[in-house]
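A short write-up of the structure that comes next.
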Protein chains: 2
Amino acid sequence: MVKFSKKLEYSLIALRHISISEDKITRVRDISEKYNIPHDLLAKIMQKLKKECILESVQGINGGYRLLKKLSEIPLFDLYSFVESSTSIVECMHDDASDCYVSDNCTIKDPLAKMQDEFENILKTKMVSDFV
Amino acid sequence: MVKFSKKLEYSLIALRHISISEDKITRVRDISEKYNIPHDLLAKIMQKLKKECILESVQGINGGYRLLKKLSEIPLFDLYSFVESSTSIVECMHDDASDCYVSDNCTIKDPLAKMQDEFENILKTKMVSDFV
DNA sequence: TAAAATACGACTGTATTAGTCCTGTTTTAT
DNA sequence: ATAAAACAGGACTAATACAGTCGTATTTTA
Ligand code: SF4
Ligand code: SF4
């Protein structure tokens with residue numbers, strides 16, 4: 001199936017929300033309550049985005065998150081690859097070795113590789129700001 | 001995650017194989033053995049493709065499958081929608097009602113819908129013959 | 001009439017995603 | 001000081017979807 005994960009959707013929603021509240025520090029709880037997103041899950045996504053230098057965090061009782069980049073400078077592909085466990089449309093294109101037992105006689109690898117490129121290009125072309 | 005199902009890959013491999021063997025009737029076993037695809041699983045995929053008028057079947061001891069269409073006349077999208085349970089990249093775009101609890105406040109539906117169109121256009125543009 | 005093929009529903013196993021829980025650290029207001 | 005409220009993060013559980021198996025029936029031919 002070709003389907004985005006909730007994590008990716010939640011990232012988009014959260015980044016959009018933070019970008020709108022401008023300078024102000026935004027709490028995870030503000031976002032999770034407004035959009036009915038599970039707090040703990042969203043929190044971990046934000047932590048991940050911090051590690052990837054998209055957000056910065058402030059701890060403590062008045063803490064929260066703030067944007068480090070403009071949404072127009074974040075390709076959707078980045079978000080996608082940060083958040084998803086794999087970015088390949090088929091098993092054999094993962095970074096680690098393939099263990100597909102068809103592989104040796106597989107006749108469709110090359111065309112699929114091209115399609116993967118097309119898909120990725122869409123993700124690389126679109127910026128997070130396109131979702132605001 | 002954005003990933004094709006094995007069913008779709010097996011369909012492509014099988015259709016390619018049948019198209020190469022021209023007129024001859026092809027048994028499921030021929031294909032499953034050659035490409036290490038589980039026989040029973042492939043059999044059900046072929047049954048599905050028969051229902052969708054891509055293949056015709058002959059029962060009995062010399063039975064098997066034969067192509068009804070040219071591969072260049074079968075969009076990948078058709079195969080995709082026959083074989084996958086859902087064709088939408090997010091939950092709320094399924095045919096049946098959405099039960100995403102973000103939905104009411106969701107800010108990203110429209111851009112995602114456009115992206116879905118782009119993805120589908122790739123699938124509609126490519127023909128199964130492009131994988132031969 | 002036995003063998004070998006398709007037909008098909010029900011079932012099981014497995015992988016991934018989604019969500020929860022628990023404990024820790026940091027900062028601030030009181 | 002210290003309690004409250006925020007981030008930090010690992011471990012766990014639950015839900016879902018995919019992949020594969022099994023059993024039985026039907027069809028056809030040698
Ligand atoms: S079937 Fe072919 S394309 Fe698919 S995972 Fe295996 S080797 Fe790759
Ligand atoms: S979060 Fe928004 S885009 Fe995603 S499924 Fe829910 S309503 Fe649709």
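Residue numbers begin at 1 in each chain, while the letters A, B, ... track the order of the sequences. Since this is a predicted model, take the numbers as computed values, not measurements.
Summarising the geometry, the separation between CG on B:Leu49 and C1' on C:dT6 is reported as 14 Å, rounded to the nearest angstrom. One can place CD1 of B:Ile45 at 12 Å from P of D:dT21, the figure rounded to the nearest angstrom. The nearest whole Å value for the distance from the CG atom in A:Asp40 to the C1' atom in C:dG24 is 14 Å. Across the protein-nucleic acid pair, B:Leu42 atom CG and C:dC8 atom C1' stand 15 Å apart, rounded to whole Å. Taking atom CD of A:Glu91 as the reference point, atom C1' of D:dG20 lies 14 Å away to the nearest angstrom. Protein atom CD1 of A:Ile13 is 13 Å distant from nucleotide atom P of C:dA18, rounded to whole Å. Atom-to-atom, CD1 of A:Ile37 to P of C:dA18 comes out at 12 Å; the value is rounded to the nearest Å. Rounded to whole angstrom, the span from the NZ atom of B:Lys44 across to the C1' atom of D:dA19 amounts to 10 Å.
Within the 4.0 angstrom heavy-atom criterion, only backbone atoms of the sugar-phosphate kind lie near B:Lys50; the bases stay farther away.
If you chain together hydrophobic residues whose side chains sit under 4.5 Å apart, B:Met127 and B:Leu79 never meet in one group. Following chains of ILVMFWY side-chain contacts shorter than 4.5 Å, one can reach B:Leu12 starting from B:Phe82, so the two form part of one hydrophobic cluster.
Heavy-atom distances to DNA chain C give each of A:Leu41 and A:Val58 a nearest nucleotide, and the one nearer the 5′ end belongs to A:Leu41. Mapping A:Ile61 and A:His39 onto DNA chain C by nearest heavy atom places A:His39 at the nucleotide closer to the 5' end. Annotation: of the two residues near DNA chain D, B:Phe4 and A:Val28, the 5′-most nearest-nucleotide partner is A:Val28.
The backbone N or O of B:Val102 lies less than 3.5 Å from no partner atom in the side chain of B:Asn105, so there is not a single donor-acceptor pair. Remark: side-chain polar atoms of A:Gln116 are paired, donor with acceptor, to backbone N or O of A:Ile89 under 3.5 angstrom.
When the nucleotides D:dT29, D:dT21, C:dT28 are ranked by their closest atom to the side chain of B:Asn62, D:dT29 comes out on top. With C:dA18, C:dT20, D:dG9 as the choices, the nucleotide that has an atom nearest any side-chain atom of A:Lys51 turns out to be D:dG9. Relative to the side chain of B:Lys6, the nucleotides D:dG20, D:dC7, C:dT17 differ in distance, and D:dG20 lies closest.
Dashed line: the shortest gap from a side-chain N or O of A:Tyr10 to OP1 or OP2 of C:dA18 is not under 4.0 Å. Taking side-chain N and O atoms only, B:Tyr65 has a distance below 4.0 Å to OP1 or OP2 of C:dA7. Note on A:Ser57: a side-chain N or O is less than 4.0 Å away from OP1 or OP2 of D:dA8.
For A:Lys3 against C:dT17, no side-chain N or O and base N or O form a donor-acceptor pair under 3.5 Å. One can find a donor-acceptor pair under 3.5 Å joining the base of C:dT6 and the side-chain atoms of B:Gln59.
With respect to the salt-bridge test (charged N to carboxylate O, under 4.0 angstrom), the residues A:Glu84 and B:Lys3 do not qualify.
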